[in-house]
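Encoded as structure tokens, the structure appears first; notes follow it.
Lettering follows sequence order; numbering is per chain, from 1.
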Protein chains: 2
Amino acid sequence: MPRNLEEVAKLAGVSTSTVSRVLNNVSVVKTSTRTRVLKAVAQLNYHPNLHARTLAGGKSRTIGMIASNMENPFFFDVFKALEAHAQASGYEVVVANTDYDPQHLVSSIRLMIGRRVAGLAVVVSEMDQELIQELAQSQIPCVFYDVGSARRNITNIRVDYRKGVERIVEYLYDLGHRSLAFIGHHSGLGPTSERERAFVASVSRHGSDVEWRTVVDRDGLDGGRNATRELLDGGFQPSAIICVNDFMAVGVLRELRERGLSVPGDVSVTGFDNIKLSEYSAPPLTTAHIPRAKIGELAFTALMQNEETVLPAGREVVIEPELVLRGSTGPAGRGAARKKVS
Amino acid sequence: MPRNLEEVAKLAGVSTSTVSRVLNNVSVVKTSTRTRVLKAVAQLNYHPNLHARTLAGGKSRTIGMIASNMENPFFFDVFKALEAHAQASGYEVVVANTDYDPQHLVSSIRLMIGRRVAGLAVVVSEMDQELIQELAQSQIPCVFYDVGSARRNITNIRVDYRKGVERIVEYLYDLGHRSLAFIGHHSGLGPTSERERAFVASVSRHGSDVEWRTVVDRDGLDGGRNATRELLDGGFQPSAIICVNDFMAVGVLRELRERGLSVPGDVSVTGFDNIKLSEYSAPPLTTAHIPRAKIGELAFTALMQNEETVLPAGREVVIEPELVLRGSTGPAGRGAARKKVS
DNA sequence: TTGAAAGCGCTACCAG
DNA sequence: CTGGTAGCGCTTTCAA
């Protein structure tokens, strides 16, 4: 029994305009009529139709966020920060999950455009040029994380993965590791992600001094575990495993544990992101910190500026990951020699 | 530059009605005009305004879900299942997080009503009668998980926590544990949750044969850790800790590990829910399985039936948790005697 | 301080 | 098979 303005107006003995006014706290309404209206609203259990509101008002109070995998705490943390700031400014945010599926990305973007969101944060690893074009043309203020480049209504936030991965590789190298594996995940588009390429570039720099392999699987606990199996069953015996993110690293830890390999005694493991879970794993993960909260905040403020200022030039913000040393890494050699994989 | 139907119609040389028809695949449109329209749509990068659509059409294609804490994988799993089924039927789902904050719950519900969602799944631990009333009056098909009772347009899904907790307590008791602690979380409303009450009821049955304590903290990794600290620093020395859910249990595991207490050697730990993470912790958690995927599915189908049938009597579905035995529990006694908390 | 009326962009019904 | 037109529920001038 969805009530509408008119019913409320009738019951309160005023016009719909007046009801609208009190509901929006606009242009002083006499206190007596205001209370009368409010009473009618309560009495009828009236809830304004947001679609009509948005349509009539012309502007939406919601901002969208599209992520690859909300199951991975990394994305969730970004979302939380974004939402916190949005709410503080009277916006609500609706999220869409792509599950790394390009097709899903497309429909999510279309959905957001259809909703006429006030702004859109796209936090996915890959995205083809055409889609970016489509979004740009929509005139919706956007902020991309880790994909595309700044332009018209689009702001760019990116992490210098190259540097982050490099730091990890060098750290491990200095610890004596010469046999490295990289565990990544599918990016939905193209087989190699930026992080994987950064890894290859880093290890390649050491020439034949270090042997390495990369393997990818789905993002997640199970993916990390499977990748480790594939790696170890394939006969490669890394002294250190570098994971594309903490989430997968936790899966790696489990598989290693179940095979009786100790971390970091036999194998060192590193994550990436520094999600809360990385402190809670056993052992806690050495990782590269990425400031998710700041990213969420940056995204929101970028969207807002973009909305106020009419089409400013796109900006670009680059974030540098910081190495966080914990118990999952240690010197190479000892363990590997002491124990064989079954 | 948000285009609209009229522009498309003009460019294609047809009426808006025709454009609407091809966009909705309704009533046969001549192939030639159809292609012409589609071309115009593409050319203008046109995206239909969903608000206008919903308003004009009268029915929304989105269903809402409200959860206490999407960060806890339990809720996310329910969401995923719900979304999967929804998408398959052409619905999208938008979620709202309450963070166990009653005030937040209220605004989320209002928001959903304002959106005129086609259905609403409420997955929160507590909710006051007034709100339920407000929702019931909205005529929106609802499904509640673990709260309130079935009525008009409302279906109820609940887990028999009583039985779940009881099974855990008995299992531990049989293992020789006589000193039990329960770690729960705030429910937002009232200090004691149903699970905590179930715990108290279970242990009380054994009279003075078992000593026990309960402590609550925020839901999450940190909450579990803090609660454990409070417990242990408070001088209570439980031989087993029963957690309200797996998520918090992982936090408990960490604190225990850092204090040099072995699990299950010194202390046994149990979780609840059987989330994926419970298999990946060290040691993996003994827990009670709750079929999240099934709950998500049930929720969706309930919503759909409720929508088709006009106001059927509310139904109620009860789910029984199943005990899952893993490495975090073992016989009592040995360890506790061998080691003292610092 | 309040009311009347013109849309917002789209669907749906009624003609043709 | 296609066009015209009346709303959907609300905001927003413009008058009063």
Side-chain angles (χ1 to χ4, degrees), chain A residues 1-38 40-41 44-62 110-111 113-118 138-140, chain B residues 1-38 40-41 44-62 90 110-111 113-118 138-139:
Chain A
M1 206 166 286
R3 297 14 189 83
N4 62 21
L5 264 197
E6 203 177 329
E7 291 188 55
V8 179
K10 203 165 297 172
L11 183 65
V14 297
S15 72
T16 59
S17 339
T18 298
V19 179
S20 175
R21 288 190 187 101
V22 339
L23 257 32
N24 295 291
N25 297 315
V26 50
S27 92
V28 202
V29 176
K30 206 201 299 175
T31 321
S32 64
T33 52
R34 161 179 300 272
T35 21
R36 199 143 35 86
V37 170
L38 257 18
V41 166
L44 291 176
N45 195 236
Y46 169 72
H47 295 267
N49 183 319
L50 264 23
H51 300 293
R53 238 224 244 295
T54 312
L55 185 57
K59 68 274 151 90
S60 158
R61 248 350 218 178
T62 106
R110 301 250 164 91
L111 192 63
I113 297 183
R115 279 195 182 116
R116 298 294 187 269
V117 291
S138 77
Q139 299 291 64
I140 293 177
Chain B
M1 208 165 284
R3 293 22 187 77
N4 63 22
L5 262 198
E6 202 177 332
E7 291 188 56
V8 178
K10 204 166 297 174
L11 183 65
V14 298
S15 72
T16 59
S17 338
T18 300
V19 179
S20 175
R21 288 191 186 100
V22 337
L23 257 32
N24 295 291
N25 297 315
V26 48
S27 94
V28 201
V29 176
K30 206 200 297 173
T31 320
S32 63
T33 52
R34 160 178 300 270
T35 21
R36 200 142 34 86
V37 170
L38 257 19
V41 166
L44 292 176
N45 193 236
Y46 169 72
H47 296 267
N49 183 319
L50 263 23
H51 300 293
R53 237 222 245 295
T54 313
L55 184 57
K59 68 273 154 101
S60 157
R61 250 347 217 178
T62 105
R110 300 251 164 92
L111 191 64
I113 297 183
R115 280 196 181 113
R116 297 295 187 271
V117 291
S138 78
Q139 298 291 64

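- Across all strands, Ser20(A) comes closer than 4.0 Å to base atoms (heavy-atom distances).
- Bounding nucleotides for the chain A contact on DNA chain D, 5' to 3', at a heavy-atom distance below 4.0 Å, are dG9(D) to dT13(D).
- Scanning for side chain to side chain contact (heavy atoms under 4.5 Å, CB included) contacts around Arg53(A) gives Asn24(A), Pro48(A), Leu50(A), with sequence neighbours left out.
- Minimum heavy-atom separation, Val29(A) to Thr33(A): CG1-OG1, 3.1 Å.
- Contacts of Arg110(A) classified as side-chain hydrogen bond (donor to acceptor under 3.5 Å, both in side chains), with partners at least two apart in sequence or in another chain: Glu134(A).
- Note on Val19(A): nothing from the nucleic acid sits closer than 4.0 angstrom, heavy atoms only.
- Overall, the helix from dT1(C)-dA16(D) to dG16(C)-dC1(D) carries an axis bend of 30° between its ends, with five pairs at each end and the value rounded to 10°.
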Check nucleotides 4-7 of chain C for protein N or O atoms closer than 3.5 Å to its own N or O atoms and list the pairs.
unit_1 : atom_1 : unit_2   : atom_2 : d
dA4(C) : N7     : Ser17(A) : OG     : 3.3
dA4(C) : N6     : Ser17(A) : OG     : 3.1

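- Listed by chain and number, the residues in a side chain to side chain contact (heavy atoms under 4.5 Å, CB included) with Ser27(B) are Arg21(B) (sequence neighbours excluded).
- Partners of Thr18(A) by side-chain hydrogen bond (donor to acceptor under 3.5 Å, both in side chains), not counting sequence neighbours, listed by chain and number: Ser15(A).
- Of all heavy-atom pairs spanning Asn45(B) and Ser138(A), the tightest one is OD1-N, 4.3 Å.
- Residues passing the side chain to side chain contact (heavy atoms under 4.5 Å, CB included) test with Lys10(A), sequence neighbours excluded: Glu6(A).
- The side-chain hydrogen bond (donor to acceptor under 3.5 Å, both in side chains) check on Arg34(A) picks up nothing, with sequence neighbours excluded.
- Among residues two or more places apart in sequence or in another chain, the side chain to side chain contact (heavy atoms under 4.5 Å, CB included) test is passed with Ala56(A) by none.
- Here Arg116(B) pairs with nothing under the side-chain hydrogen bond (donor to acceptor under 3.5 Å, both in side chains) rule; sequence neighbours left out.
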